[in-house]
2 protein chains.
Amino acid sequence: MEPTSVDDCIIFLLAKAYQRAHQHFKRRLLIHGLTPIQHLILEALFVLDNPSAGDLGRLLSLDAATLSGVLDRLAEAGWVVRNPDPDDKRIIRIGLTERAVEKRDDLVQERQAANEEILRDFSREERVLLKRLLKDIRG
Amino acid sequence: MEPTSVDDCIIFLLAKAYQRAHQHFKRRLLIHGLTPIQHLILEALFVLDNPSAGDLGRLLSLDAATLSGVLDRLAEAGWVVRNPDPDDKRIIRIGLTERAVEKRDDLVQERQAANEEILRDFSREERVLLKRLLKDIRG
DNA sequence: TTGGTTTATTTTGCATACAAACTGTTTGAA
DNA sequence: TTCAAACAGTTTGTATGCAAAATAAACCAA
């Protein structure tokens, strides 16, 4: 564009780099019947113990409204279960189904492979640097 | 996550960095009644002369289906006009309205300011490096 | 010339994203 | 104790993003 070209607009570059990475992972996940976001939530559940929807949202920077819909589809497809919290009726706790637990290793490996593919052209130093720079980008 | 943590997943880091930048620009564009994507298309039109919808899509890596909807809203809001190509009736050429041309300087400046804000913590070297790394990320 | 193929765009359907409104619970201060 | 404010989630409405099908026009080989 002018005077800064498209290729110099950080918002555009971020959008397109994200799009490429997202698309790559999305295609890879097709066989599992998951989307990248759904996969992200499952991986969080492999680590957290029975978190509330709010916990998940904060950890993954996911909007409550967005998360609600994603959890609908994950529950519908038999990956997660919504359990009401016994002490606070406002809170919904999210648990994994047996099927999700069984697929854990497969799913983790799938993400690792996708990350490796996306970064295959970068040296170790470039990978570290890129990650640092991305974390430091301000809102 | 495990063994790679959330903060080490390039797909996640890209998604969140993009989200922050996008949100920042989105809030900034509210007064103009534009979204970041709509703004991107207007800036492309400031440079290209009467491009076809396909030209725009290729330049901006926008899906034809997505572009069609964005053009609907830009036309509806009085920013652009769809003109049928006289030589090839399949092609739609996109033109700016007078109002859009008048706001050109304002809009360009808005993006420059947003870019500067988003990158305010980075040195000149870091900015160059980040942009190169983003361009090299594979699909 | 014509009919099959390719091309340009739109439409439809589904999945994020997020603002704003809404529901139901819990909390805290008067 | 009680009621308004705060909190957790869901719903609704709008805007991308993309796959797949539909539509219309142009092209091209037999």
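Chain letters run A, B, ... following the sequence lines, proteins first, then strands; residues in each count from 1.
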Just call it for B:Asp87: base, sugar-phosphate, or nothing, with non-hydrogen atoms closer than 4.0 Å on any strand.
sugar-phosphate
Are B:Lys89 and B:Asp85 within salt-bridge range, i.e. N to O under 4.0 Å?
no
Atom CD of A:Glu117 and atom CD1 of B:Ile10: how far apart are they, to the nearest 0.5 Å?
14.0 Å
Using a heavy-atom cut-off of 4.0 Å across all strands, would you classify A:Arg93 as base, sugar-phosphate, or nothing?
nothing
If you assign B:Tyr18 and A:Gly54 each to the DNA chain D nucleotide with the nearest heavy atom, which residue ends up on the more 5' nucleotide?
A:Gly54
Grab the CG-P distance between A:Leu29 and D:dC18 for me, whole Å please.
16 Å
Spacing between B:His39 atom NE2 and D:dT16 atom P, to the nearest angstrom:
13 Å
Sidechain N-carboxylate O distance under 4.0 Å for B:Glu110, B:Arg28
yes
Contact class for A:Thr66 vs. all strands (heavy atom < 4.0 Å): base, sugar-phosphate, or nothing?
base
D:dT16 P sits how many Å from B:Phe25 CZ, rounded?
13 Å
For the pair made of CG in A:Asp63 and C1' in D:dT12, what is the distance, rounded to whole Å?
13 Å
Same hydrophobic cluster for A:Leu133 and A:Val128, using side-chain heavy-atom links shorter than 4.5 Å among ILVMFWY?
no
Rounded to whole angstrom units, what separation is found between the CD atom of B:Gln19 and the C1' atom of C:dA19?
14 Å
Contact class for A:Ala53 vs. all strands (heavy atom < 4.0 Å): base, sugar-phosphate, or nothing?
sugar-phosphate
Within this structure, what is the CD1-to-P distance between A:Ile91 and C:dT25, rounded to whole angstrom?
13 Å
base_contact_polar (C:dT26 base, A:Arg90 side chain, donor-acceptor, <3.5 Å):
no
Starting at the 5' end of DNA chain D and moving along, which residue's nearest nucleotide shows up first, A:Gln23 or A:Asp88?
A:Asp88
Which part of the nucleic acid does B:Arg82 contact within heavy-atom distance under 4.0 Å: base, sugar-phosphate only, or nothing?
sugar-phosphate
